[in-house]
Amino acid sequence: RLLVGGIVGYSYSSGTIQNCINETDAVITIAAVSAANTYSATNYIAVGGICGYARGVDSGVAGLIDNCTNKANLSLNGSSKKGYYLGGAIGLSEMYLEELYNNGSVTYAGKAVTGFYIGGVVGAHKEWDAKTLRNTGEITYQGELSTGAAHAKGITVAATPSIGGAIGCLGADGADIHTVDDLQNNASIVLLPGNGTSKSDSYAFGGVIGVSTNFCIKNAKFLKKDGVAPSINITTYPFARGTGAAGTNATQNIAGVVA
């Protein structure tokens, strides 16, 4: 695993990250990430402007990340077969989240990967509630898209890659329904073609949330910034039909709030 954060790389259990700011003159760049390891529960890369991986525990005790702002631009250039979790504030979260703000751009460029989640504030969020997440940084993805698998932490999602203006992927195990409330994205999502052909037959792009399972979503907004409306821009993307039978249609989930 590679866990990178502007403030904390890896936060575990009932810890708290509070009142932290990653300033605008910081640029987090991870270049030429390459590994033969395949995507699994222990092989993945999580990058966030505040915290790379905010890990909860199975005992029911969760930590808190509260009132934190990222102003740094995040850039990840990958060619690994590992899964990627890239978020303006948090890459991969299993904690309570309150008042998180991202003002920096979030950019990925590279080859196809298996299991990719990118969000303006949080790449992927599992379990626990989250409230007041704001993104104003543009999200740019340039590269091939590959067929994904189950979430590294056990969440099976219907679409991957999943890219959202606030949260890339929301997922909770079991019967409990968790809530995310007061989410806002004011920035555009731009997808540029990479070299070669997409290998994905299922993907989700949302102005606020890419894909969600077992979560109640309240007050999610995809709004103008300085009078300019944000958008989801897909530029001549070579989406494939996947590896199934000839003629099988790709699942295309593109929406203003939740794909």
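Worth saying up front: this structure is predicted, and the values here are computed from it rather than measured. Values reported hereafter were calculated over all heavy atoms of this structure, with side chains retained and with hydrogens, waters and symmetry mates removed.
Within the 4.5 Å cutoff, the side chain of Ile189 has no heavy atoms near those of the Phe205 side chain. Ile163 is not listed as a side-chain neighbour of Tyr108, based on a closest heavy-atom distance of 4.5 Å or more.
No hydrogens or angles considered: a donor-acceptor pair under 3.5 Å links the side chains of Asn70 and Asn102. No donor-acceptor contact under 3.5 angstrom links the side chains of Thr179 and Asp129, judged on distance only.
Of all heavy-atom pairs between Gly87 and Leu74, the closest is O-CD1, 3.1 Å. Here the closest heavy-atom approach between residue Val208 and residue Lys221 is recorded as CG2-O, 3.4 Å. What you find for Gly9 and Cys51 is that their closest heavy atoms are O-SG, 4.3 Å. Among all heavy-atom pairs drawn from Met95 and Gly63, the shortest one is CB-O, 3.4 Å. What you find for Ser162 and Val211 is that their closest heavy atoms are OG-CG1, 3.2 Å. The shortest non-hydrogen separation linking Asn185 to Gly165 is ND2-CA, 3.4 Å.
The side chain to side chain contact (heavy atoms under 4.5 Å, CB included) with Tyr53 is formed by just one residue from the set Leu3, Val4, Ile90, Leu2; it is Leu3. If you run side chain to side chain contact (heavy atoms under 4.5 Å, CB included) between Leu100 and each of Asp66, Ile17, Ile50, Ile65, only Ile65 comes through. Among Thr140, Asn73, Thr136, the single residue meeting the side-chain hydrogen bond (donor to acceptor under 3.5 Å, both in side chains) criterion with Ser105 is Asn73.
There is no path of hydrophobic side-chain contacts, each under 4.5 Å, that joins Leu223 to Val121. Following chains of ILVMFWY side-chain contacts shorter than 4.5 Å, one cannot reach Tyr101 starting from Val180, and the two form parts of different hydrophobic clusters. Hydrophobic clustering of Ile, Leu, Val, Met, Phe, Trp and Tyr side chains at less than 4.5 Å, counting indirect connections, unites Leu97 with Leu170.
To the nearest 0.5 Å, atom CG of residue Asp181 and atom CG of residue Leu133 are 9.5 Å apart. A distance of 12.0 Å separates OG1 in Thr213 from NZ in Lys126, rounded to the nearest 0.5 Å. Interatomic distance, OG1 of Thr69 versus CD1 of Ile21, reported as 5.5 Å (0.5 Å rounding). To the nearest 0.5 Å, atom NE2 of residue His178 and atom CD1 of residue Ile217 are 13.5 Å apart. The distance from atom CD1 of Ile7 to atom SG of Cys68, rounded to the nearest 0.5 Å, is 7.5 Å. Between the CG atom of Leu183 and the CG atom of Asn219 there is a distance of 8.5 Å, given to the nearest 0.5 Å.
Under the 3.5 Å distance criterion, the side-chain polar atoms of Asn22 are matched with a main-chain donor or acceptor of Gly49.
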Run the numbers on Ile209 and Phe215 for side-chain contact (heavy atoms from CB on, under 4.5 Å), then give the verdict.
CA-CA 11 Å; Ile209 298 168; Phe215 263 88; over 6 Å; no
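Using cut-offs of 30° and 60° on the angle between ring planes, the pair Tyr85 and Tyr117 is parallel.
A salt bridge links Asp182 with Arg134: at least one charged nitrogen is closer than 4.0 Å to a carboxylate oxygen.
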